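See structure below.
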Amino acid sequence: MKVSLNNKVPVQLILGVQWGDEGKGKIVDLLGDKADVVARYQGGHNAGHTVKFDGNTFVLHLIPTGILRPDTDCVIGNGVVVHPGALLEEVAGLEKQGIKVDGRLFISRYAHLILATHPLLDRAAEASCDAKKKIGTTGRGIGPTYSDKIARRGFRAQDLLDENILRSKAEQCLEIQNRQLRDLFKQPECSLDSLLEPLLKFRDRFADSIIDATGFLQSAIDSGKQLLIEGAQGAMLDVDFGTYPFVTSSNTTSGGVSTGLGISLRNVDRIIGVVKAYTTRVGNGPFPTELTDEMGEMLRAAGGEFGATTGRPRRCGWFDAVVVRYAAQINDLDTLALTKMDVLDDLDEIRICTHYKYRGRTFSDWTSEIARWEDVEPVYETVPGWKQSLVDIRKYEDLPVAARNYVKRLEELAGVPVGLISVGPSRDATIIL
Ligand code: IMP
């Protein structure tokens, strides 16, 4: 059954179904036009959402995309890890571009803060392991901050609000983290001053924005407000269900909403999975449909596939229906938002991976039985390209037949209807089905 995204529902969740960079920023911005509140539930400034409108480009890392709509409140949930300096910088950048942030941005008191030591530990850990084991992190301190959270020694936003707690917590954290830097990684230690400085600046600016975010969101839901929940990264980077250990350190999938915001998933009326018309990945780890040839180069160039956060070139490959089916199942997707269709405009033929072959067996579902991803052979079907620009098309009926057939085939293979097609970066380059 087709689910029209024109039908408003009170609570929507938008998340990525591949390895991130699916173009969620644009979709959240677009579907968030009526949202009273937009909330983030996981990740940190490792994410990068690019939104383009009225000739302006906005790159957001931590702040929910709703900040670009003047009447929308934004919440950074407890499941997010917040880098104080990065948030201050992002706010300053937005203000320079004419966006008012004060009184509209709220941070959960339980959100953990990324301390000055965390990126040092992240980078030292990466540098210390041999090439095959490197995750290829963004170096932003995400993993070490979540590790400290789980080890119950993290620094939370609310710790800033009491001067004594702030200092004693900072000293405690510093002691343990300096021990790791010094003894484990043979790196210089971090001083208390450099740990405290960004925290104090952050407190001075945001103390009044640190709130009981769960209560705020629950009362928004109870009073019938429109809430949009925004995921970062993608399902295959989920710390539990992704290509572990080549994942990020949070739950990117829909389950993360409950723990990352403190509201039940039962409140969510619609779950939208954002999926690119092909596949990309940054960092290391399994990627069965990766193209290391000219076609991969072509996708990278045509799609502008360079990281919004680190500028790293993204690995590119064909659409992998095994991945999308799996993501549809673990996220319980209602509908797909298919992005970057226009990147495929010039191709004579397009390939779609329908299943895998591994050690003589066929797998149509993502499976933990695959131990050596290098040995997986993607099995493709080939469909004709449409060989025409889609950029100015606004109605599904106006798409060339080959493009409609491509969409239909992806829907069939994914087992989820496509509710939106993006044919260009701007807000209006969109077809809502
Ligand atoms: P971390 O999140 O910095 O620890 O990096 C872990 C893995 O997740 C690396 O492969 C990163 O490239 C990847 N990653 C983290 N954030 C993003 C994102 O926003 N888009 C795509 N990949 C990401």
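Nothing here was measured: the structure is a model prediction, and the numbers come from that model. Whatever order the structure lists ligands and atoms in, that order sets their numbers, starting from 1.
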Open item on the list: Looking only at protein heavy atoms, which one is nearest to atom 10 (O) of ligand 1, and what is the separation?
Closed with: Val282 O, 3.2 Å
Open item on the list: Distance alone, cut at 3.5 Å: any donor-acceptor contact between the side chains of Arg140 and Thr145?
Closed with: no
TODO: Pick one of side chain, backbone, both or neither for how Phe246 approaches ligand 1, counting any non-hydrogen atom pair under 4.0 Å.
DONE: neither
- [ ] Could you find the nearest protein heavy atom to atom 21 (C) of ligand 1 and give me its residue, atom name and distance?
- [x] Asp21 OD2, 3.0 Å
Task: Verdict with supporting geometry, Phe287 and Trp373, ring-ring contact (aromatic ring centres under 6.0 Å, His included) - done: CA-CA 8 Å; Phe287 181 178; Trp373 284 95; over 10 Å; no
Task: Under 3.5 Å side-chain donor-acceptor pair for Glu230 and His49 - done: yes
Open item on the list: Can you confirm whether more than 12 heavy atoms, excluding those of Lys100, are under 6.0 Å from its NZ atom?
Closed with: yes
- [ ] Please determine if Thr138 has a nitrogen or oxygen closer than 3.5 Å to a nitrogen or oxygen of ligand 1.
- [x] yes
Open item on the list: Residue-level breakdown please: for Asp122 versus ligand 1, do any non-hydrogen atoms fall below 4.0 Å on the side chain, on the backbone, on both, or on neither?
Closed with: neither
Task: Nearest option to atom 9 (C) of ligand 1, as decided by whichever heavy atom of Ala47, Gly283, Gly16, Gly136 sits closest - done: Gly136
Task: Pair Asp269-Gln12, side-chain donor/acceptor within less than 3.5 Å - done: no
Open item on the list: Could you check whether Thr430 and Lys26, counting side-chain N and O atoms only, form a donor-acceptor pair closer than 3.5 Å?
Closed with: yes
Task: Nearest neighbour of atom 14 (N) of ligand 1 from the list Thr248, Asn46, Leu237, Thr243, on a heavy-atom basis - done: Leu237
Open item on the list: Do Tyr356 and Asp320 pair up side chain to side chain, a donor and an acceptor below 3.5 Å, judged on atom types alone?
Closed with: yes
TODO: Would you tell me which option among Gln233, Arg281, His61 has the nearest heavy-atom contact to atom 18 (C) of ligand 1?
DONE: Gln233
Task: Region of Arg140 that comes within reach of ligand 1 [heavy atoms, distance under 4.0 Å] - done: neither
TODO: Identify, for atom 5 (O) of ligand 1, the protein heavy atom at the shortest distance, and state residue, atom and that distance.
DONE: Thr137 CA, 3.3 Å
Open item on the list: Looking only at the side chains, is there a donor atom on one of Asp193 and Ser191 sitting less than 3.5 Å from an acceptor on the other?
Closed with: no
TODO: Give the atoms of ligand 1, by number and element, whose distance to some non-hydrogen atom of Trp19 is under 4.0 Å.
DONE: 21 (C), 22 (N)
Task: Proximity flag Arg314 to ligand 1, non-hydrogen atoms under 4.0 Å - done: no
- [ ] Looking only at distances, please establish whether an N/O atom of ligand 1 is found under 3.5 Å from an N/O atom of Arg312.
- [x] yes
Task: Residues, nucleotides or ligands: over 12 heavy atoms within 6.0 Å of Glu294 CD - done: no
Open item on the list: Set out, in order, the CA-CA distance, both residues' side-chain angles and the distance that settles side chain to side chain donor-acceptor pair (under 3.5 Å) for Gln42 and Thr252, then state yes or no.
Closed with: CA-CA 7 Å; Gln42 47 73 229; Thr252 57; 5.5 Å; no
Open item on the list: Within the 4.0 Å heavy-atom shell around Ile135, which atoms of ligand 1 are there?
Closed with: 6 (C), 10 (O)
Open item on the list: Can you report which non-hydrogen protein atom sits closest to atom 6 (C) of ligand 1, along with the distance?
Closed with: Val247 O, 3.3 Å
